[in-house]
2 protein chains.
Amino acid sequence: MSRAFNFCAGPAALPEAVLRQAQAELLEWGAERASVMEVSHRGAAFEALVAQAEADLRSLMGIPDDYAVLFLQGGATQQFALLPMNLAAPGQGADYVVSGHWSQRAVAEGEPHVRTRVLVDAADAAGLYLRAPEVDAAAVDPDAAYLHYCHNETIHGVEFPAVPDSGAVPLVGDFSSTILSRPLDVARFGVIYAGAQKNIGPSGLALVIVRRDLLERAGQPRARVLTWAAHARAGSLLHTPPTFSIYLAALVFAWLREMGGLEVMAAINQRKAQRLYHAIDDSEGFYRNPVDPASRSWMNVPFWLHDEGLNAAFLEESREAGLLALKGHREIGGLRASLYNAMPEAGVAALTDFMGDFARRKG
Amino acid sequence: MSRAFNFCAGPAALPEAVLRQAQAELLEWGAERASVMEVSHRGAAFEALVAQAEADLRSLMGIPDDYAVLFLQGGATQQFALLPMNLAAPGQGADYVVSGHWSQRAVAEGEPHVRTRVLVDAADAAGLYLRAPEVDAAAVDPDAAYLHYCHNETIHGVEFPAVPDSGAVPLVGDFSSTILSRPLDVARFGVIYAGAQKNIGPSGLALVIVRRDLLERAGQPRARVLTWAAHARAGSLLHTPPTFSIYLAALVFAWLREMGGLEVMAAINQRKAQRLYHAIDDSEGFYRNPVDPASRSWMNVPFWLHDEGLNAAFLEESREAGLLALKGHREIGGLRASLYNAMPEAGVAALTDFMGDFARRKG
C-alpha cells in the first residue's frame, strides 16, 4: 500500500513533508533525547517552539501587534461557547449570520450564554444553503456584543466572496475551513478563530486571533481556563497545552513559508478549485454543484451525480484509484472533495481524470 | 544521541514500544493509506479505535457498566470548571479537600461556578503540604453537590494511602498523576478524572469516568460542548475529538494489557518508589524527602540536597548521565523524579546509582 490522495473534510490531510519530519524525529526531538510529546511545556525548547509558531503565523497572515494569538483546546466547537462567555456581558445580545450547518451550530452552542439573534438566514425556500447572504451593516444591533458569521461552510461548500461589514460592532469570523488558504485582512475583525484539523494541523487544537482591547471585556463569571485574557497573559501556556498538536502546527506554518506564503497558496488553491468546478460544470449534467458561482468554496466542493444510484460505485472505484474520503456529509448526502492546502494539484488532477473516466463509462 | 531516562512530571515519558509503533505507522495507519491524524473521526476505522480504547480501559480498571467513560479535551484543568457546571445546581455548594497545589487550583477554577467550601486544608504550621489529611465523612455537607480531592499531588509528592470516605455525597477524585499506576475500586467514586499527559498519553486529552446517574443532574445552563451527558450520548464523538491523542492512549492501554495489567504495574511501581525513597533515606542526610512516609507518592518524588548550592551541578551532571528533567517544581524548588508507568526499573536504578555516586563525590 501507499499513501493516497485524501479529500477528507477534517481531520484532513497534512503535508507529507510535515508528516515525514514528524516521523523522523518522533522519538528524539532536536537535542532533547526525548519525543516532543515527552518534554515539559515550561522548558526552553518547547517555549521556543510556541514562540516560533506564533511568529511564523503572524508573518504569514500579517497579524497586527494589537491582536493576541492563542493556541487553545476544544476545537472551534468549544469557541462557540467561549465567544459569548468572553465577549458578552450578562443579558447582552449578539447577532449571528446563518449560512449553513456550522453557523447554525454557533448559534445553538452560544444560546445558553448570550441572547442570540439571527440577523439573516440564507436558506432558500427549499431550506437549502446555496449562497452567502448579504449582510446589512445598518441592521446590526449597535448594542450587540458582536456579529458572528462563518466564512466558509464546510458541509454546504458556501464561502463568502468578501468579508462582510459589521459596522461598529466587532466582527467574529469562524475560519475553520478556510484559514491560511489565502491572504486575509485581519484588521477587519474583532476575532478570527479556527479548529486546526483542516488547514493548520491535527485535531485537538483551536486557534483564536483576538483584538487585544476585546480581552478587556469582563464577559461573564467563568473559570480562568475558559478566559481568553488569562491564556493571552500566559502566552498559551496557562496550563498544559496540546504540545504535539502545536508542534505539528508549527511544522505546517514553516512549510507554508517555504511554499512561498499565502499569495502563492491562494493561486494554487484557486487553480485547484477551478479545475474541479470546471470538471463538474463541463460534465453535461453528469455531475452537479448547485451553489451560486459567486459563493462557491475553494476548500470544500460538494457535488452530486445525476443518478444517486451510482454513488456507491463512484466511492468504491475512486477509493481503488487512490482517491479517499469523497463521500458527502450525512446532512446533505452526495459527494464532496475538500481541497485544503495540503492537497497537491496532482491530487485534484487525479480526481478530475477519474471523474471524466467514470462519466464516460457510466454516462 | 539516544533516548534518555526522562523523569519529567508531565508531559511525561511514553513507553518506547508505543512511540516506535506510532512512528512506524505515522504516514499509513492500518489499511487507511493515510495517517491516523488524517482520517475522519466518523469513519469505521476510527470509531473502532475509540471503542477498543474504551473496552481496554474498562478491562484494565474494572470499570462497572453503570459508569460512562469520556475522552475529552482541555486537560484536568478544564474539568475543574466542568465539574461544578455539570454536577452543581445554581447556588448549590461543593466541599473540597486541599492537600497541595492541584487541589487548590481545583477550588480556584471551581469558584466562579459553585459555592466552594474547603472542608480540610492539610498545610502544616509552616504552610507545607507533607501528608494526606484525614477526611471526616460526618463533616461533609450533606447538601454538597460533591466532595472533591486530588488523590496524588504531583508537585508535593503527597498521595492518599487510601480512598477517603465521603459518606452519601458523591466523591470526585483527580487522578491525573496516579491513574493506571495500580488497581482502584472505581465503585467508590462518583467521578474519576485525569489529564492524559502522565500515565495515559500525550497532552491535550482528559479522561472522565462518571457514574451514569450523575449525568442526569441538570447542573447549570451551558453549551452542549461543556456537557458531559452530551459527550456520553455521543460516545466521545460529539465533535471532532483529539484523534491522535486518543490513538496514542489506545496504544498505551494495549501496552498495559501486554505488561500484565494493573496488579503487575503496581508491583513494579512500588519497587521503583521504594528504591528511590531508600536511596534518599539511606543517604545520611545528603538527600531529604520530608513527606510523611504513609503519604509518600509512588509517582512523584520531590527531594532536596542538604546543600542547595549543589542543585545546578546535580542537574547538569545527571543530564549528562542520561537522566532528564529532575528539576523540582518552581513552587517548592529542589529536585523531583516522576516515576510513571513508562519509567522502567532500569531508569530508577540508573538514577539511584547516580545519586549514590554524586553523594560520594560531593559529600
Side-chain angles (χ1 to χ4, degrees), chain A residues 1-4 6 8-14 16 19-20 22-23 26-28 31-35 37-43 73-75 77-78 80-81 108-113 195 197 202-205 221-226 238-245 248 322 324-325 330, chain B residues 1-4 6 8-14 16 19-20 22-23 26-28 31-35 37-43 73-75 77-78 80-81 108-113 195 197 202-205 221-226 238-245 248 322 324-325 330:
Chain A
M1 303 296 283
S2 64
R3 281 174 61 79
N6 179 5
C8 189
L14 289 160
E16 186 168 317
L19 286 174
R20 291 207 180 279
Q23 182 179 47
L26 196 73
L27 274 80
E28 291 192 53
E32 296 300 300
R33 304 183 66 179
S35 174
M37 284 182 266
E38 301 173 305
V39 302
S40 173
H41 55 293
R42 307 279 179 208
Q73 298 185 50
T77 300
Q78 182 159 312
F80 294 160
E109 294 283 315
E111 258 168 1
H113 306 285
Q197 65 270 16
S203 62
L205 180 68
R222 62 200 186 280
R224 275 205 316 163
V225 69
L226 305 175
L238 179 66
H239 63 129
T240 313
T243 52
F244 189 71
S245 297
L248 273 180
L324 307 182
R330 62 193 184 284
Chain B
M1 303 296 283
S2 64
R3 280 174 61 80
N6 178 5
C8 189
L14 289 161
E16 187 168 317
L19 287 174
R20 291 206 181 280
Q23 182 179 45
L26 196 73
L27 275 81
E28 291 193 52
E32 295 300 301
R33 304 184 66 180
S35 173
M37 284 182 266
E38 300 173 307
V39 302
S40 172
H41 55 293
R42 308 276 180 210
Q73 298 184 53
T77 300
Q78 181 158 311
F80 294 161
E109 294 283 316
E111 258 168 0
H113 305 286
Q197 66 270 18
S203 62
L205 180 69
R222 63 200 185 281
R224 274 206 316 165
V225 68
L226 305 176
L238 179 66
H239 63 129
T240 314
T243 53
F244 188 71
S245 297
L248 272 180
L324 307 182
R330 64 193 184 283

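Here is how names work: the chains are called A, B, and so on, in the same order as the sequence lines, proteins then strands, and each is numbered from 1.
Residue B:Ala9: no heavy atom, backbone or side chain, is found under 4.5 Å from chain A. Interface remark: B:Ser245 contributes no atoms to any contact with chain A (heavy atom separation under 4.5 Å). Heavy atoms closer than 4.5 Å to chain A are found in the backbone of B:Ala12, but not in its side chain. Heavy atoms of B:His113 lying under 4.5 Å from chain A belong exclusively to its side chain. Using a 4.5 Å cut-off between heavy atoms, B:Arg42 touches chain A through its side chain atoms alone. Proximity to chain A (any heavy atom under 4.5 Å) is restricted, for B:Gln197, to the side chain, taken from C-beta onward. Contacts between B:Leu19 and chain A at a heavy-atom distance below 4.5 Å involve backbone atoms as well as side-chain atoms. For A:Leu27, the parts lying near chain B are the backbone and the side chain together; criterion is any non-hydrogen pair under 4.5 Å.
In terms of non-hydrogen atom pairs under 4.5 Å with chain A, the most contact-rich of B:Ala4, B:Ala81, B:Ser35 is B:Ala4. When each of B:Pro221, B:Ala13, B:Ala108 is scored by its heavy-atom pairs under 4.5 Å with chain A, the top score falls to B:Ala13. Ranking A:Val39, A:Leu14, A:Thr77 against chain B, the residue ahead of the rest is A:Thr77, based on heavy-atom pairs under 4.5 Å. With respect to chain B, the highest number of heavy-atom pairs below 4.5 Å among A:Gly75, A:Cys8, A:Gly74 belongs to A:Gly74. When each of A:Pro241, A:Gly10, A:Gly43 is scored by its heavy-atom pairs under 4.5 Å with chain B, the top score falls to A:Pro241. Of all the listed residues (B:Glu111, B:Glu32, B:Gln23, B:Arg330), the one sharing the greatest number of non-hydrogen pairs under 4.5 Å with chain A is B:Gln23.
Considering every non-hydrogen atom in both A:Pro11 and B:Ser40, the closest pair reads CD-CA, 4.1 Å. Nearest heavy-atom pair across B:Pro242 and A:Gly204 is CB-CA, 3.9 Å. For the residue pair A:Pro202 and B:Met37, the shortest heavy atom distance occurs at CB-SD, 3.9 Å.
A salt bridge is absent between B:Arg3 and A:Glu28; no separation between the charged side-chain nitrogens and carboxylate oxygens falls under 4.0 Å.
Side chain of A:Gln73 to main chain of B:Gln73: no donor-acceptor pair is present (N/O by atom type, distance under 3.5 Å, no hydrogens or angles). Side-chain atoms of B:Glu38 never come within 3.5 Å of backbone atoms of A:Asn6 as a donor-acceptor pair (strictly under, hydrogens ignored). A distance-only check finds a donor-acceptor pair linking the side chain of A:Arg33 to the backbone of B:Ser2 [under 3.5 Å].
Separating the CD atom in B:Glu109 from the NE2 atom in A:His239 is a distance of 8.5 Å, to the nearest 0.5 Å.
Scored by the ring-ring contact (aromatic ring centres under 6.0 Å, His included) test, B:Phe244 finds A:Phe244, B:Tyr247 as partners (sequence neighbours excluded). With sequence neighbours excluded, no residue satisfies salt bridge (Lys or Arg N to Asp or Glu O under 4.0 Å) with B:Arg222.
The closest side-chain donor-acceptor pair between B:Ser203 and A:Thr240, if any, does not fall under 3.5 angstrom.
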